[in-house]
Amino acid sequence: MNVLRCNEIARLVSEALDRALPFGQRLSVGLHLLMCRPCARFRRQVRFLCAAAHRFPEGGEGGGLPLDVGLSPEARARIKRALESAGR
């Protein structure tokens with residue numbers, strides 16, 4: 001079996017979003033992910049982003065993200081206070 005490097009695993013994880021990988025590649029990726037925490041984290045992040053993109057389709061039902069997404073005035077004030085105290 002060919003040992004794959006992290007950059008090759010990242011490419012295959014991304015490709016797996018668009019097509020089914022052959023058995024040998026799936027096996028190699030799976031074994032690598034069992035041993036490599038950064039690559040496993042990358043795959044979780046890619047899956048999260050893919051799921052988020054599907055929840056908010058552009059022009060789909062629900063119209064995507066609402067236009068009024070933002071921080072509440074209270075949250076803005078808390079962040080402003082934290083930044084001011086960190087700058088002292």
Side-chain angles (χ1 to χ4, degrees):
M1 182 181 313
N2 188 16
V3 176
L4 299 177
R5 295 174 182 242
C6 292
N7 62 341
E8 296 166 313
I9 295 297
R11 181 183 54 80
L12 290 172
V13 164
S14 296
E15 285 182 20
L17 296 173
D18 299 324
R19 66 176 178 89
L21 298 177
F23 177 76
Q25 286 181 335
R26 284 194 321 267
L27 182 61
S28 293
V29 169
L31 290 173
H32 184 96
L33 294 175
L34 287 173
M35 297 179 291
C36 182
R37 294 178 88 177
C39 286
R41 183 180 324 115
F42 174 75
R43 184 178 71 163
R44 284 192 309 273
Q45 291 170 344
V46 166
R47 286 180 167 178
F48 172 81
L49 290 172
C50 187
H54 283 98
R55 277 194 299 270
F56 297 106
E58 184 178 349
E61 190 174 314
L65 290 173
L67 296 177
D68 63 348
V69 171
L71 295 174
S72 68
E74 296 82 15
R76 289 177 190 266
R78 282 194 308 271
I79 291 171
K80 185 176 179 180
R81 285 193 305 272
L83 289 173
E84 287 171 351
S85 67
R88 292 182 190 172

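We number each residue from 1, following the sequence as shown. What you see below is based on every heavy atom in this structure, not just the backbone, and it leaves out hydrogens, waters and symmetry mates.
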Name each donor-acceptor pair under 3.5 Å that joins a side chain in residues 9-20 to protein atoms two or more places apart or in another chain, with its distance.
residue, atom, partner, partner atom, Å
Arg11, NH1, Glu15, OE2, 2.7
Ser14, OG, Ala10, O, 3.2
Glu15, OE1, Arg19, NH2, 2.5

Can you sort out the partners of Arg5 under side chain to side chain contact (heavy atoms under 4.5 Å, CB included), two or more places apart, ordered by chain and number?
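For Arg5 the side chain to side chain contact (heavy atoms under 4.5 Å, CB included) partners, ignoring immediate neighbours, are Asn7, Glu8.
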Sequence neighbours left out, cut at 3.5 Å: what donor-acceptor pairs do the side chains of residues 38-52 make with other protein atoms?
none

How close do Leu21 and Gln25 get, counting heavy atoms only, and between which atoms?
CD2-OE1, 3.6 Å
